[in-house]
Amino acid sequence: MAIGIIHPACKQYLWGGEKLIREYGISSPNTPLAEAWVLSAHPDGDSRISFSEGELCSEGKESSEGEVCSEGKESSEGKVCSEGKESSEGESFSEEESSSEGESFAEYLKCHPEAVGSLGKAFPFFPTLIKLIDAKKALSIQVHPDDSFALSREGQYGKTEMWIVLEREEGAFLYFGFQKDYTEEEIRRAIEEDNFPSLLCKVMVEPGDVFFIPAGTVHAIGAGILLAEVQQNSNLTYRVYDYGRKDAQGNTRELHVEKALEVMDRKQLSSYRQEAFKKQGTKAAEEKAAGKSTAGKDAAGESAVEEKAAGKNVYLERIGSCEYFTVDRLFLEDNAFYSGKLTKESFLSLLVLEGEGVLTEETKCCEDMHQESSTEYKQEKCSFAGKKEQRFVKKGESYFLPAEEGQWSLKGTGKFLLTFLSEKDCVRKD
């Protein structure tokens with residue numbers, strides 16, 4: 001396959017701003033632009049994907065699973081994307097909010113299920129969704145159910161997510177969990193008395209801060225924050241408190257208090273917050289290249305994408321991992337070079353948070369040397385002489401590298417988010 005560029009689905013909500021268009025190059029006719037779904041196969045906001053070599057799943061083409069890919073077919077979650085559906089923020093949107101470039105990402109994955117990787121077989125749908133979010137105004141205070149509750153009550157999956165703060169205005173903060181343990185009665189009374197925010201942890205934020213938000217955690221993005229969100233592929237939200245606001249039609253937005261009380265973790269939540277990245281706390285790239293690196297790994301084991309660094313001014317850190325996604329943050333300075341290995345276990349998503357560079361993918365040409373009857377081992381004769389592709393990448397752009405044997409590299413200056421599936425976290429509990 002080749003490097004795919006993702007064209008985001010864009011969401012116009014009442015709390016959005018203009019920074020995603022003005023500073024991150026997101027193409028959208030609608031303002032305010034609240035969210036850009038920069039990697040999504042969800043029917044509420046299907047991204048689109050295109051390849052320089054035209055590897056699209058056109059109408060009437062047969063997929064590897066023997067299914068015909070055509071316009072209007074069901075998504076990867078078995079739901080048809082139709083106009084006028086209500087989003088998790090209670091506002092309607094239409095398919096015109098998505099780019100017309102390329103093809104539906106969900107349809108591409110139906111035609112190329114191997115692109116997700118072998119670890120993706122643990123899920124009935126593409127497990128990951130990535131957004132850029134510009135909160136000019138505060139979002140509602142909300143909570144997401146876990147899979148067990150969501151499947152039994154809503155017929156869909158729950159939502160675990162994480163935030164990476166990219167920009168913030170002076171004094172910006174978010175709500176993240178409870179200050180102490182509360183009873184259901186105390187929480188209900190605070191909501192009825194319009195005092196619910198006073199129970200929550202109010203956290204001042206800085207660019208680089210990371211928050212991992214398990215299902216059941218009460219949370220809200222505050223005004224003046226722009227962040228990247230990596231989440232489980234779900235759009236299920238229970239709104240607890242909305243400051244008495246009204247939507248564009250003058251209606252008070254629906255709250256989901258009873259369901260929220262059932263799913264929220266009422267105990268004081270220990271902070272998952274990490275301080276902004278500090279270079280002095282990271283090993284130099286030459287130490288990593290010498291075999292001392294934990295890049296692409298964590299204390300529990302190997303990652304699905306086996307990564308390494310080469311050259312100077314390269315810094316990599318693991319900032320979050322669960323069964324639905326693993327996320328590394330990569331810093332390149334002074335046109336530095338970083339390379340990694342692709343495998344058939346997982347796709348790799350690259351989101352450019354800042355700066356620019358040249359992304360290269362080089363895939364193997366393999367001659368299978370094993371006997372089909374042998375199940376003990378497989379020997380391959382491989383080279384990288386067959387296929388090589390390069391793309392210039394810049395701030396705000398999202399790229400998808402399908403799972404396959406090969407290697408990739410990035411040369412440039414900037415901050416990048418690498419998302420993939422990790423073997424240790426892809427064991428489903430349901």
Side-chain angles (χ1 to χ4, degrees), residues 1-7 9 37-81 98 102-130 147 156-157 230-235 303-305 323-326 341-350 361 363-364 366 368 372 378 380 387 389 398-406 408 418-423 425-428 430:
M1 297 184 182
I3 299 171
I5 183 167
I6 299 294
H7 310 280
W37 294 21
V38 294
L39 186 73
S40 171
H42 196 282
D44 287 353
D46 191 10
S47 304
R48 302 185 73 83
I49 187 170
S50 61
F51 295 86
S52 61
E53 296 184 10
E55 291 189 11
L56 297 180
C57 201
S58 60
E59 187 171 346
K61 181 178 177 182
E62 190 174 276
S63 77
S64 60
E65 294 183 326
E67 300 175 272
V68 175
C69 289
S70 60
E71 296 281 334
K73 191 164 182 180
E74 286 187 349
S75 76
S76 60
E77 290 193 283
K79 300 178 184 177
V80 177
C81 230
S98 296
E103 75 161 340
S104 153
F105 185 55
E107 289 300 324
Y108 162 76
L109 294 176
K110 286 184 73 70
C111 292
H112 301 282
E114 73 283 353
V116 181
S118 60
L119 294 176
K121 294 179 181 179
F123 304 92
F125 52 87
F126 186 70
T128 310
L129 197 159
I130 304 176
D147 286 347
Q156 54 183 301
Y157 284 84
V230 184
Q231 60 161 89
Q232 182 179 357
N233 186 358
S234 171
N235 199 28
S303 72
V305 181
E323 62 180 310
Y324 310 103
F325 52 80
T326 295
K341 182 180 179 182
L342 294 172
T343 75
K344 293 182 179 179
E345 293 182 328
S346 174
F347 68 90
L348 175 65
S349 165
L350 173 75
E361 181 190 47
T363 54
K364 290 182 179 181
C366 298
D368 193 351
E372 290 187 4
K378 180 176 179 180
E380 292 178 341
K387 190 173 182 180
E389 182 179 350
S398 173
Y399 292 88
F400 179 82
L401 280 64
E404 58 186 326
E405 294 294 333
W408 66 279
L418 309 176
T419 304
F420 46 92
L421 300 179
S422 177
E423 184 173 12
D425 290 313
C426 280
V427 178
R428 293 193 58 77
D430 56 9

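Along the sequence shown, the residues carry numbers beginning at 1. Bear in mind that the values here come from a model prediction, so they are computed numbers and not experimental data.
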Would you say Glu323 and Phe123 make side-chain contact, with heavy atoms under 4.5 Å? yes

Do side-chain atoms of Gln232 reach the backbone of Tyr324 as a donor and acceptor pair under 3.5 angstrom? no

Quick one: are Trp37 and Leu129 in side-chain contact, heavy atoms under 4.5 Å? yes

Heavy-atom nearest pair, Ala41 first then Asn233, reads C-ND2, 4.3 Å

For Ser398, give me all partners under side chain to side chain donor-acceptor pair (under 3.5 Å), at least two apart in sequence or on another chain. none

Min side-chain heavy-atom separation Ser349-Thr128 under 4.5 Å: no

Arg48 CZ to Ile5 CD1 distance, which is reported to the nearest 0.5 Å: 14.0 Å

Do the ring centers of Phe51 and Tyr108 come within less than 6.0 Å of each other? yes

Do Leu119 and Glu423 have side chains that approach each other closer than 4.5 Å (heavy atoms only, starting at C-beta)? yes

Any side-chain heavy-atom pair of Gln231 and His42 under 4.5 Å: no

How close do His7 and Ser50 get, counting heavy atoms only, and between which atoms? NE2-OG, 2.7 Å

pair Leu342-Glu405: side-chain heavy atoms closer than 4.5 Å: no

When rounded to the nearest 0.5 angstrom, what is the spacing between CD in Glu404 and NZ in Lys344? 9.0 Å

Report yes if some heavy atom in the side chain of Phe325 is under 4.5 Å from a heavy atom in the side chain of Leu39; otherwise report no. no

In Å and rounded to the nearest 0.5 Å, what is the CD to CD1 distance from Glu361 to Ile3? 5.0 Å

Test item: Leu418 and Leu350 side chains (from C-beta on) under 4.5 Å apart, heavy atoms: yes

How many angstroms lie between OG in Ser40 and CG in Asp46, if you round to the nearest 0.5 Å? 6.0 Å

Gap between atom CG of Leu401 and atom CD of Glu389 - 0.5 Å precision: 8.5 Å

Under the ring-ring contact (aromatic ring centres under 6.0 Å, His included) rule, collect the residues that match up with Phe105, sequence neighbours excluded. Phe126, Phe400

For residues Gly117 and Ala403, report the shortest heavy-atom separation together with the two atoms involved. CA-CB, 3.5 Å

Rounded to the nearest 0.5 Å, the CG atom of Asp44 sits from the OG atom of Ser234 at a distance of 9.0 Å

